[in-house]
Amino acid sequence: MWRIRIHGRGGQGIKTASQILGSAGFYSGFQAQDFPLYGAERRGAPVIAFTRVSEDPILERGPISSPDIILIGDETLLNDPQSAPLCGAEPSTVVFVNSAQVPEVLSQKFSVTTTNLTDLCFQYLNHRTVYSSALSAVGARLLGNIELECLLRAVEDELIQQGISSQLLQGNLDLAREIFEMIQPVAVSQREEKGLTAKPLVFPSQLPVVDGAPIILDPGNMALRKTGNWRVERPEIDYEKCNNCLICYARCPDGVIGVAPDGRPEIDYDHCKGCLICALECPGHFIHTVKETGTFP
Amino acid sequence: MKTKIMLTGNKAAAWGARMAGVEYVPAFPITPQTEIIETLAKWFADGTLQGKFTNMDSEHSMFMAAGSAGATGVRVFTASSSQGILHGMESLYTISGWRTPMVIVNVSRALATPITLEPDHNDVMSTRDCGLIQLHAETCQEVFDFILMGYRIAEDPEVCLPVLVNMDGFYLSFTREPVLIPDEEAVRNFLPLYTVTQPVFQASRPMARASAVFGGATYTSFKLQQELASRSAEKCFNQTAQEFEKYFGRLYEPVEAFHLDDAEYVFVMSNSFATKGKSAVMKLRRQGIKAGLLKLRLFRPFPSEAIASALGGHAKVAVIDQNLAPGMGGITYPEIVTSLYDREDRPEKILSVIGGLGGKDIEDQDFMAIIEHLDKPDMQTPLYLYDEGDASGFSRLQQIAKLKEALS
Ligand code: SF4
Ligand code: SF4
């Protein structure tokens, strides 16, 4: 069995990538299974999806804790504790990152492949950054046992179900073909089965009701959750031109634009989710947008 | 033409309803079930399905509408989950007493409080005593197949009860795997379009289906009728399963035995986590430990005989309940133990295990821990699948909830 785990953000086509890969495996004559995992959240939040492809019946379900292949669609997730894209990776795990170069943290530990999918998607998909076809093509090629025709059929089937235009479908097919031909297959070695050991279980101790019931005495702790890393694009205020009208402050749906003592608007980047409503609302268009790169501190 | 396609459990359920030729679907959305009714809504809108799809104002009215429509003699389908099925609870008792056939899909999701979206079986277990026939599915194929079988059982003149097909949220509802969809002709041969075998509401013929009774004896008479109808559904299940095999080649017994013959340790499980149990059984066997698994499939009526003869003669049994009755433990455990009480060859040890609550995974190492626990001379029951990491993660969350500074 080959286990593939895909990391990205809500809106980047991560779930669809796992489904295209699942269908491509299925069309190639394998048993296949795919499964997405996302919280009750939204666009930009970390999403993980899983595909299993196997010659034998698949007796597994749910998340893959120890993958053979990890596909990272968004390199800003590399040190995100919630996404934890490298969790459970072993030295034999093949890691792919959508990036122009191999991030230094990775190169010594794993066999890493990179391609700048973002640029390719821009080129083929009308400036969109939806990685469903691109990541599934990478996965299919790295696996090495999936035929190009099966991949293309899977791209077509899954995207048509989503009601895509014929022009964009053609772009996706061309993109998948180009990536499939660009990536080199990697020999994914079948993992040795480890002996089973017993999990050390503990008997829970009874707590006073204040801890035993879901009681929150310190509300407002959402600040601890740094949602800033959901951003794909960052709003930046041009203070040379800003006239402190504070419309952006009033419109930010997350309330993360504050007012400094001198009356200027200030964006809290730890929590700004990058919806870019502020940029749209600023009457003078004094808020610019910059694509996020690198990892979130 | 028959086809094999990749489907989620939810889509497989929608396909089951479609191939059954359902004529009326009252609906109310709830995660993780919504994809079922979304898919059906689309098919009714584009003419793929003929009949009526109605958005209701709650699950309570949804189940009443389903029962009422069933009482007019049309084939009815509906679906719910978790808080939704609880909200409809009063209606579930009511409509099963009306004895109107239908198929209900429940997509298991744990119950508040605390609230979550992920699965366990407290929701479906709470409907255990409503008088529904219950079939629990492990795979997306079983979801599809059980809906077709469900209509045969629900509409059988001796049964006439709603059938509930259960699947786990996420692990099945959102998981795609290959599902074989048979061709329509084969389905119609196995499950002809609905012909009613009982009086139904008609404009020209007034009748009542829900009378008030006092004094106890009449109430008892009707309830015992419901009990007998439910018990007769086991025979009906077996006959239906044989017919199903004839047409589609898959045989479903009320329980599934997996590597049971020479097993010294048996896990009793149900629904999608049974797949994980099977995988653990294979790994344990490769390590020389004779493990096996018994999967519950028909849950109401409870197939006591089938369960007892499957478990009789095995030394150590662990009943894994993905549900919790606080103050009692696992809900299916006492039912299994009761089934075995009269048998001389009953297992030496029957352990109750509580795990998989709120979608918590059950891993290979958990199964090994169960084996070790079964081997302890002073084995205590129940065993909670709860470890050091769960406890420390919980106390970290407590710190955040109680005092922010504690984190820095
Ligand atoms: S992009 Fe602007 S409006 Fe959106 S969260 Fe950030 S600051 Fe607020
Ligand atoms: S809306 Fe524009 S001009 Fe007004 S405070 Fe915000 S950035 Fe400045």
Side-chain angles (χ1 to χ4, degrees), chain A residues 1 15 18-20 22-27 30-40 49-52 56-63 65 154 157-158 161 193-205 207-208 210-225, chain B residues 4-6 8 31 113-115 117 138 168 170-172 174-178 272-273 275-284 286-287 289 359 361 363-373 380 383-391 394-395 397-407:
Chain A
M1 184 178 329
K15 170 181 163 185
S18 73
Q19 296 186 326
I20 295 175
S23 289
F26 174 59
Y27 296 152
F30 294 104
Q31 302 286 335
Q33 185 195 75
D34 52 65
F35 171 71
L37 199 65
Y38 38 83
F50 313 89
T51 307
R52 293 180 171 94
D56 309 311
I58 298 174
L59 288 184
E60 287 184 11
R61 292 193 176 282
S65 53
D157 284 358
E158 296 309 322
Q161 276 185 44
E193 190 172 301
K194 289 190 194 135
L196 286 191
T197 49
K199 193 185 272 185
L201 300 179
V202 296
F203 194 89
S205 44
L207 306 169
V210 67
D211 288 329
I215 296 171
I216 297 175
L217 291 181
D218 191 20
N221 59 40
M222 268 310 282
L224 293 170
R225 174 85 192 277
Chain B
K4 201 174 195 182
I5 44 178
M6 294 286 286
T8 59
T31 300
T113 295
I115 200 156
L117 299 174
E138 179 194 350
D168 282 326
F170 291 74
Y171 288 89
L172 219 52
F174 298 159
T175 299
R176 295 196 329 157
E177 52 193 23
S272 70
F273 276 37
T275 305
K276 294 166 181 284
K278 288 175 178 175
S279 167
V281 163
M282 300 302 287
K283 288 177 187 163
L284 289 164
R286 286 195 281 272
Q287 265 175 241
I289 299 170
D361 207 356
E363 298 169 308
D364 290 340
Q365 293 89 335
D366 288 306
F367 290 99
M368 195 67 194
I370 294 169
I371 300 260
E372 285 193 358
H373 197 77
Q380 295 202 335
L383 175 70
Y384 306 110
L385 298 181
Y386 191 75
D387 64 60
E388 218 33 86
D390 300 325
F394 185 57
S395 72
L397 287 178
Q398 293 290 2
Q399 286 176 10
I400 300 175
K402 304 303 168 331
L403 188 67
K404 245 185 285 201
E405 289 75 32
L407 273 184

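Below, chain A is the first sequence line, B the second, and so on; all start at residue 1.
- Between chain B and the residues A:Gln31, A:Glu60, A:Glu158, the largest count of heavy-atom pairs under 4.5 Å involves A:Glu158.
- Annotation: B:Phe174 is not in aromatic contact with A:Phe35 [ring centroid separation under 6.0 Å not met].
- In this structure, no portion of B:Phe367 lies under 4.5 Å from any heavy atom of chain A.
- Heavy-atom distances place the side chain of A:Pro214, and not its backbone, under 4.5 Å from chain B.
- Contact of A:Ile58 with chain B is made through the backbone alone, with heavy-atom distances under 4.5 Å.
- Rounded to the nearest 0.5 Å, atoms CG (A:Leu59) and NZ (B:Lys278) are 7.0 Å apart.
- Residues B:Thr175 and A:Gln33 approach most closely at CG2-CG, 3.6 Å, considering heavy atoms.
- Looking at B:Leu385, the atoms closer than 4.5 Å to chain A (heavy atoms on both sides) sit in the backbone and in the side chain alike.
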Practice item. For side chain to side chain contact (heavy atoms under 4.5 Å, CB included), just list the numbers for B:Met6 and A:Asp34, CA-CA rounded to whole Å, side-chain angles, deciding distance to a tenth of an Å, and then say yes or no. Key: CA-CA 9 Å; B:Met6 294 286 286; A:Asp34 52 65; 3.5 Å; yes
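- Side-chain N or O atoms of B:Gln287 include one that pairs as donor or acceptor with a backbone N or O of A:Leu196 at under 3.5 Å.
- Contact record, B:Asp366 with A:Lys199: OD2-NZ, 3.1 Å, taken as the closest heavy-atom pair.
- B:Lys402 places a side-chain N or O within donor-acceptor distance of the main-chain N or O of A:Ile215, the cut-off being under 3.5 Å.
- Heavy atoms of A:Phe203 lying under 4.5 Å from chain B belong exclusively to its side chain.
- With values rounded to the nearest 0.5 angstrom, B:Lys283 atom NZ is found 10.5 Å from A:Lys194 atom NZ.
- Within a 6.0 Å radius of CD in B:Glu388, other residues, nucleotides and ligands contribute 12 heavy atoms or fewer.
- A:Arg61 has no carboxylate O lying under 4.0 Å from a charged side-chain N of B:Glu138, or vice versa, which leaves the two without a salt bridge.
- Ranked by heavy-atom pairs shorter than 4.5 Å toward chain B, the options A:Leu217, A:Ile216, A:Leu201 are led by A:Leu201.
- For the set A:Ser65, A:Gly22, A:Ser23, the count of heavy-atom pairs under 4.5 angstrom toward chain B peaks at A:Ser23.
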